[in-house]
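Below you'll find the structure, written out as structure tokens, and then a few comments.
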Number of protein chains: 2
Amino acid sequence: MVKKDPSTEEKILTAAREVFHKRGFGGARMQDIADTAGINKALLHYYFRNKENLFNAVFTEALAAMVGTVSNIFMGQGSLEEKLVRFYDYHITFLQQNSYLPWFIINGLYEKPDQIRELMTRNNFHPDKVLARIVDNLKEEGIEMEVPLQMFANILSLSIFPVVARPMLSHFFSLTDEDMDRFYEERKKNLPRFIINGMKFQNPK
Amino acid sequence: MVKKDPSTEEKILTAAREVFHKRGFGGARMQDIADTAGINKALLHYYFRNKENLFNAVFTEALAAMVGTVSNIFMGQGSLEEKLVRFYDYHITFLQQNSYLPWFIINGLYEKPDQIRELMTRNNFHPDKVLARIVDNLKEEGIEMEVPLQMFANILSLSIFPVVARPMLSHFFSLTDEDMDRFYEERKKNLPRFIINGMKFQNPK
DNA sequence: GTCTATATGGCGATAGAC
DNA sequence: GTCTATCGCCATATAGAC
């Protein structure tokens, strides 16, 4: 199977993903995106009228992918630990390539909550249902939760924060890129047990 | 005791803090800072030659506050669990009052990585020593850590992320302000045990 | 020290030829 | 669809009166 030459639109989107990811919305330069895509600035505006549209395209695509996958993992079958393994494996990798996303979700909820909420429901993401599913999961495994929300916050914190805070950690501890990559691989392996065990202890019955 | 009229420099710094914390370096506008301080743009440049200098002043201060709150507690005496209790009690409260700070620091490191490394050494920040202290602590308690960095990342993630992501959590689960406040109080109580237990299991010797 | 007015440069966006 | 050239704005920064 021959790989078709990527269309200009695809080239733009790929470039935009890369530049927005590195610099954020404000820091990204249309000129940079054009250069990375190997075209000129004017063409960007021909395809996506302005910077905001281009960002929204990239943002929506990423959000949809993430939300869909996460939902599938937790709503499906299997023990909680199995699900956590699959979740961290997917989510940490995904975040490494989209580390600006959490910030834009959080910030977007301040500025345009409806748009984001709409996007989430359109992609069939219902955090309350995911949480309910996790609680059911635990019940089947003989663990009763007092405050499920805490568990949900813990699960997300442990994957999102260390990836978003990558520059902070690597600066603080003078870590190379390879160090950081190993660090994230370690996390994927350790976090599921860490969570399950921490929780078991808190509900010792 | 009479409160002296704040000097112009203090007014500028207060305003700069507010604007930079919310918008980061790239997003902040000198005009905004001037307006907030109740002066005009030219005066900003009179006091701090340029935007970069002003930013550095604010950033150094923020970094010091953040690192200070963390290291003071962990560098002192006591068992790890005691320290964790004190840490979360203090840190989560601190973050609730300074919820922009973590984003500001992380974002600052994205925007100007080189400059910040220089700032850190100049101001004698050594997070690696804090971590070494935690590891010593654990050794005294008979717990050997394979990858201390993981633990450090976990400790910080669990306090910082849920505060920064407050709008996300409250949107997802339709929580009131009172709900959220209770949520954070719960965390202060639960997190120390959660961490200690999760960790013990991972190092079962 | 504090102001008004202005210079300077960069970036998003558009016009228009091909 | 793709390019070159250029506009117009806005943000930082400076000049210079008071």
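Chain identifiers are assigned alphabetically (A, B, ...) following the order of the sequence lines, protein sequences preceding nucleic acid strands; residue numbering begins at 1 within each chain.
Residue whose closest nucleotide on DNA chain D sits further toward the 5' end, between R29(B) and G38(A): G38(A).
Note on N40(B): every side-chain N or O is 4.0 Å or more away from OP1 and OP2 of dT2(C). Dashed line: the shortest gap from a side-chain N or O of T8(B) to OP1 or OP2 of dG1(C) is not under 4.0 Å. The phosphate of dA13(D) has neither OP1 nor OP2 within less than 4.0 Å of any side-chain N or O from Y46(B).
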>> Generate the contact string for nucleotides 13-18 of chain C. Rules: B means base contact, S means sugar-phosphate contact only, - means no protein heavy atom under 4.0 Å.
In response: BBB---
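Residues F152(A) and F173(B) place their aromatic rings such that the two centres sit under 6.0 Å apart. Note: F74(A) and F125(A) fail the aromatic proximity criterion, with ring centroids not under 6.0 Å apart. For Y100(B) and F20(B), the distance between ring centers is not under 6.0 angstrom.
Nucleotide dG12(C) holds its C1' atom 17 Å from the CZ atom of F55(A), rounded to whole Å. Here dA11(D) presents its P atom at 12 Å from CD1 of I33(B), a figure rounded to the nearest Å. Here the P atom of nucleotide dC3(C) and the CD atom of Q31(B) are 12 Å apart, to the nearest Å. For the pair L44(B) CG and dG1(C) P, the interatomic distance rounds to 15 Å; values are reported in whole Å. In this entry the distance linking CG of N53(B) with P of dT12(D) reads 14 Å, nearest Å. When the C1' atom of dA11(D) is taken as reference, atom CG of D35(B) falls 13 Å away, rounded to whole Å. In this structure, L43(B) places its CG atom 6 Å from C1' of dT2(C), rounding to the nearest Å.
Of the possible polar contacts, one joining the E141(A) side chain to the L80(A) backbone as a donor-acceptor pair under 3.5 Å is found.
Nucleic acid contact for A34(B): none, since no nucleic acid atom lies under 4.0 Å from a heavy atom of the residue.
The pair R182(B)-D179(B) meets the salt-bridge criterion, since a charged nitrogen lies less than 4.0 angstrom from a carboxylate oxygen.
When side chains are defined from C-beta on, F59(A) counts as touching L101(A), because their heavy atoms get closer than 4.5 Å.
Residues meeting the side chain to side chain donor-acceptor pair (under 3.5 Å) test with H171(B), sequence neighbours left out: none.
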